[in-house]
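Each chain gets a letter, A, B and so on, in the order the sequences are listed, and its residues count up from 1.
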2 protein chains.
Amino acid sequence: MPSAIKQMLLGRPIHTKEAGHQRLSNPVALAVFSSDALSSVAYATEEILLGLAIAGTGALALAWPISLAIAALLVVVAFSYRQTIKAYPGGGGAYIVAKENLGDFPGLIAGGALLIDYILTVAVSISAGTAAITSAMPAMLPFKLYIGVAFVVLLAVMNLRGIKESGAIFSGPTFFFLVMLAITIFAGFFKQFLGGGIPVTPHTFPMAEQGAAAASVGLFLIMRAFASGCTAMTGVEAIANGVQAFKQPEATNARRTLTWMAGILLFLFLGTSALATLSHVTPYVELVNGQPETIETIISQLARGIYGTGILYYLLQAGTAAILILAANTSYADFPRLGSFMAGDGYLPKSLRDRGSRLVYSNGMILLTAMSILLLVVFGGETSRLIPLYAIGVFASFTLSQSGMVVHWFRNREPGWHWSAFVNGLGAVVTFVVLIVIAAAKFTSGAWIVLLLIPILVAYFQWVKRAYVRAAARVALPAEEELEFSYRSHNAMHNHVVLLFSSIDRRLVRAVQYARSIKADVIEGLFVDVTGDKAAEVRAEWERLELGYKLTVIESPYREIIDPIRDYVCAIPRPTHDHVVTVVLPEFVPETRAEYLLHDQTSFWIKSALFQLPGVIISDVPYHTEEYLSEQPAQCPVKGPQQAD
Amino acid sequence: MPSAIKQMLLGRPIHTKEAGHQRLSNPVALAVFSSDALSSVAYATEEILLGLAIAGTGALALAWPISLAIAALLVVVAFSYRQTIKAYPGGGGAYIVAKENLGDFPGLIAGGALLIDYILTVAVSISAGTAAITSAMPAMLPFKLYIGVAFVVLLAVMNLRGIKESGAIFSGPTFFFLVMLAITIFAGFFKQFLGGGIPVTPHTFPMAEQGAAAASVGLFLIMRAFASGCTAMTGVEAIANGVQAFKQPEATNARRTLTWMAGILLFLFLGTSALATLSHVTPYVELVNGQPETIETIISQLARGIYGTGILYYLLQAGTAAILILAANTSYADFPRLGSFMAGDGYLPKSLRDRGSRLVYSNGMILLTAMSILLLVVFGGETSRLIPLYAIGVFASFTLSQSGMVVHWFRNREPGWHWSAFVNGLGAVVTFVVLIVIAAAKFTSGAWIVLLLIPILVAYFQWVKRAYVRAAARVALPAEEELEFSYRSHNAMHNHVVLLFSSIDRRLVRAVQYARSIKADVIEGLFVDVTGDKAAEVRAEWERLELGYKLTVIESPYREIIDPIRDYVCAIPRPTHDHVVTVVLPEFVPETRAEYLLHDQTSFWIKSALFQLPGVIISDVPYHTEEYLSEQPAQCPVKGPQQAD
């Protein structure tokens, strides 16, 4: 990317030493790390209702007990993670906790599960945020996918600029949403009990079973609704993963923030579920091309009932959309960080380990962006189609992380370890049971994808690790070889130089000059004739120039260029490994970038093919007209603006 | 692409000498070149009705007089093209005719217009073909875009295999469609006049103006309907462009085939329009997300009315889908051919000029595939949204081509030239008037895109030409320089060798060995420290190895690698143009392709950046473990299967 554009989008580069200063205060950290968990109230209640609606309107009342069960689960998990922060002030994501206490393999399962869920967090949050917008402005419904993709791209650019500026941008909307939803819940209870009830329009659920009544509600249906509602818990682990980003003392600040977050989440989720049950609001879904699409969200319907379609309604919708879209930001903080941990351990390509010019893990962010856009497109930007994939990874990592903590407490036996081990043990058992429930209830509607993907990812991590270990062993220079290094490196190589050219012109002059500057055993010319009528002409010209080198012309009636060259180079005998073939390629350097496409890409493909061959060195000899004509060396291009300081 | 896969998809390579044998008999040529023109009856009548429906059901009766006008226009254009074939037996596309007779600039306009239209032919035909399928199987409606894209990919693979095999595949469906539609038209007239009429279900047109009646039908509305119907004429020029593909005598065979095609087209188009008017069939369109989508095509409705939903109905729909999808094949024959002509003249990148291993213009086909898929996706695979863009380019090239022919006849004055000039002159005037009508009537609904794109393309063609002319002048070796060639090429270059490494290991051994085999003025080591703590360690190790070369360590606190290297290399003084800098890069060659992604892409970006610099030669020194350890040269990889013969 041209430097000026890069700097405009990303801001000035940040010095490695500035790393320590990029820490977050508790309220900012609450916004950055908790927007995922908090924003899930925007869809969790709705997903429970959608799960129940198939059994008819009577079944919707079950949403309240299901919500209470999820709230109890949330309390257990939040307490569990408070223990984790205490034990892992350096940042205790499920990957690290599982790896250190249970072993590499469980750690990789946790890592794979988390990576998948961070991607799903982006896709689900953006879909739900877009639904908040289209609920308020139904005219935007046809464009929801484009809106979602645009938001992901916006988030990517903001995050590539660096986390502190992101934090500042994200605090406002998060707190605005909290205040707006709290006001709405209070106003809703007031209207329900003292103002004569919240008026809502009943909608028929298009997939509702004919003649089904509350009596037919089975255990499986309740399990499905519960599993859908468990998405309310996604993101609870984010603070424990990101302890490093808090101000000192990190652990204390992180625990305090986690407790605040859990309390706020409980209030908002139970408040919304209670209002939904009391007001008998129904999901508003229509079939478009045979697929259900949400026309108006539950929260939008409730807010219209409470406020009417006025300024407060629009403020709440705007706040909901804002926090949901920003919830995706939790993943932009955690996905690249986890990717970097795992790449540092050798389980992912190294390019995910390194920080970019703005001190952020740029490659991880780009990967996250690409994968989330793919998910959005495949699932049509519809929240309820993504939900079945969502909670599996979260609960898998919950279970592994809490189990790891139990082992940790038994090993370390710090003061008060009995209580900590009990809390984490309870967390492990409860989340494991929920994991089984979710996997069973959502298997056919999408959970199978994640259950299949996790083992594939684990196998990939292990393959990457093995490949790196092998590669390191291959190039390593053991101490006993250092003497040999000195000896061998004093032996120059024997060069067989092949001058590969496509026409006899000024470029060839430079290439011949360069070839003469190599200590070569042999220098020869090579020309591939794809038209079938150039051979004689090229031979005659080669003779006339009296270079004194052999010329080989390859006839290529099938118009292949790459394969004949590769075969020819391969066939050149090399008696020992100190004999190499140097292929000298005259190159025309276009004057402008736009012209690169005009000059045939053949030399790129030749280089790619020859790079695969052992003992073959490729030397590109560039030709610049001004240099050739003036005998003065050509000047380097002017540097980009970011080198100016 | 791995050779085995390439050969499986594309078939064995074809020898250049086989070029002459790939000719088509008249019936096969009719199928290959006329499927575009003939298939347009599947949507032309429908588009006229859609244009009229906005004024209410009463206006639909105007379809018949509009169809008659289009039929008259078709006769004029077909006669015109018969004259073109006579004058241009070598293949007289609008580009060649306009360029030779009117000059380069009109030629480029015609070329740009045609390229755009070939792409649109693929998109429109595939959309309409998919509509024929979804009319018969409404359950497939939600997947119409995926179906369309899949068909384009299928066509691309078939065409990349070569034109003769394509011809054989395409003849069957084309003739099957002709027979099926002819039977349907006869059966339709029989049922209409003797069987009590064709029963059709009336549909309300969702965009129909409230209370509009036939009385309110204005001139503009008629113009729009006429412009839409003119898409019936697209593809009439295909035979004149492809005369080369006919058996000898090419011109006679091509003219005969053109006459047959025009006759068949007239019969089918007027037959369909007559049945539609007589039976009072109405377009069946629904609004989906605010956009009109065709639920059932006119031909499908007519056929159901005539046959009922039985075997004959499904055969007709299958035939319609088949010919429409294959109509896109006309473009696969002509787009790459025109691209190759224009690339041969220097107006398009050279890569479009060259034939691939199967004697077809592979790059042109790939470009066509990519652009048509883009159009399908942007316009949602809906025929009626693409139609406004379609006819502009066709009629622009008709006009330029016929005008060019008039100039041709006046210049050459062959026997009978008066008549030929009159026919072409009439064609030029009539098509120009139609062009103005289409541009005016369809401007706001999409024609503006094409009217904007044509001048952009013409400017691009001219830029490409200028760039090639400049590049050729730069590298050319004039006769008077040949002596200098000899003199200069005997002066070896002065080399300043930079050994660029990221760690001191076995790879560096090979790189140092190679550096010693260059006649160098200076050899030095270069290491970029991005972590800030490696410098001392690397310096110490470098000293211990006693290489005797200077080592430069660049500190890079912003973790940039590319820019510091570029700056360092740029700053190396080069007294004359015979002084060059050789950058030696030790490279780890991964054992398998899958591992390439694991090894950092940094060296690729370094090479890309250094390639931009004048006087810098890059030498990749590959490291293979087995070779390093055994002192035996490593073996070349086993060759692909296509080299076996």
Side-chain angles (χ1 to χ4, degrees), chain A residues 13 15-16 142 289-290 349-351 357 464 467 474-477 485-486 488-489 491-493 495 505-507 509 512-514 516-519 532 545-546 557-559 563 570 574 576-577 588 595 597-598 600 612-615 617-621 624-625 627 631-634 636-637 643, chain B residues 13 15-16 141-142 289-290 349-351 355 357 464 467 474-477 485-486 488-489 491-493 495 505-507 509 512-514 516-519 532 545-546 557-558 563 570 574 576-577 588 595 597-598 600 612-615 617-621 624-625 627 631 633-634 636-637 643:
Chain A
H15 199 287
T16 307
N289 287 339
K350 279 178 195 151
S351 46
S357 60
V464 169
R474 279 160 177 276
V475 301
L477 189 71
F485 182 118
S486 223
R488 272 174 82 153
S489 59
N491 287 348
M493 284 177 174
N495 259 299
D505 54 29
R506 288 169 171 175
R507 287 175 297 179
V509 178
V512 171
Q513 274 188 284
Y514 186 76
R516 286 200 204 271
S517 79
I518 299 170
K519 293 172 190 155
L545 294 169
E546 294 180 349
Y558 296 104
R559 298 164 309 285
D563 287 345
C570 270
R574 297 195 293 128
T576 77
H577 73 165
F588 179 77
E595 283 173 52
L597 205 66
L598 302 185
D600 62 334
Q612 319 275 335
L613 305 183
I617 283 111
I618 304 141
S619 293
D620 269 318
V621 180
H624 290 258
T625 317
E627 184 170 63
E631 308 218 349
Q632 291 297 312
C636 276
Q643 276 85 42
Chain B
H15 199 288
T16 308
L141 256 176
N289 289 338
K350 279 178 195 153
S351 45
R355 294 186 171 200
S357 60
V464 169
R474 278 161 178 273
V475 300
L477 188 71
F485 182 117
S486 227
R488 274 173 81 152
S489 59
N491 287 349
M493 283 178 177
N495 258 299
D505 54 30
R506 289 168 170 174
R507 288 175 296 179
V509 179
V512 172
Q513 274 188 283
Y514 185 75
R516 286 198 202 275
S517 79
I518 298 170
K519 294 171 189 156
L545 295 168
E546 294 180 350
Y558 296 103
D563 287 345
C570 269
R574 298 195 292 129
T576 76
H577 73 166
F588 179 77
E595 283 172 53
L597 205 65
L598 302 185
D600 62 334
Q612 319 276 336
L613 305 183
I617 282 111
I618 304 142
S619 293
D620 269 319
V621 180
H624 290 258
T625 318
E627 184 171 65
E631 309 218 348
C636 276
Q643 276 85 41

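Of all the listed residues (B:D620, B:V509, B:I617, B:V464), the one sharing the greatest number of non-hydrogen pairs under 4.5 Å with chain A is B:I617. If you tally non-hydrogen atom pairs under 4.5 Å between each of B:A476, B:C570, B:P614, B:P349 and chain A, the highest count goes to B:P614. Each of A:T625, A:I618, A:V475 has some count of heavy-atom pairs under 4.5 Å with chain B, and the biggest count is that of A:V475.
In this view, A:P633 and A:E627, B:R574 satisfy the side-chain contact (heavy atoms from CB on, under 4.5 Å) rule, not counting sequence neighbours. Among residues two or more places apart in sequence or in another chain, the side-chain hydrogen bond (donor to acceptor under 3.5 Å, both in side chains) test is passed with B:N495 by A:S517, B:T582.
Between atom NE2 of residue B:H624 and atom CG of residue A:L613 there is a gap of 8.0 Å, rounded to the nearest 0.5 Å. To the nearest 0.5 angstrom, A:M493 atom CE is 12.5 Å from A:K519 atom NZ.
Residue B:I518 touches chain A through both its backbone and its side chain, counting heavy-atom pairs closer than 4.5 Å.
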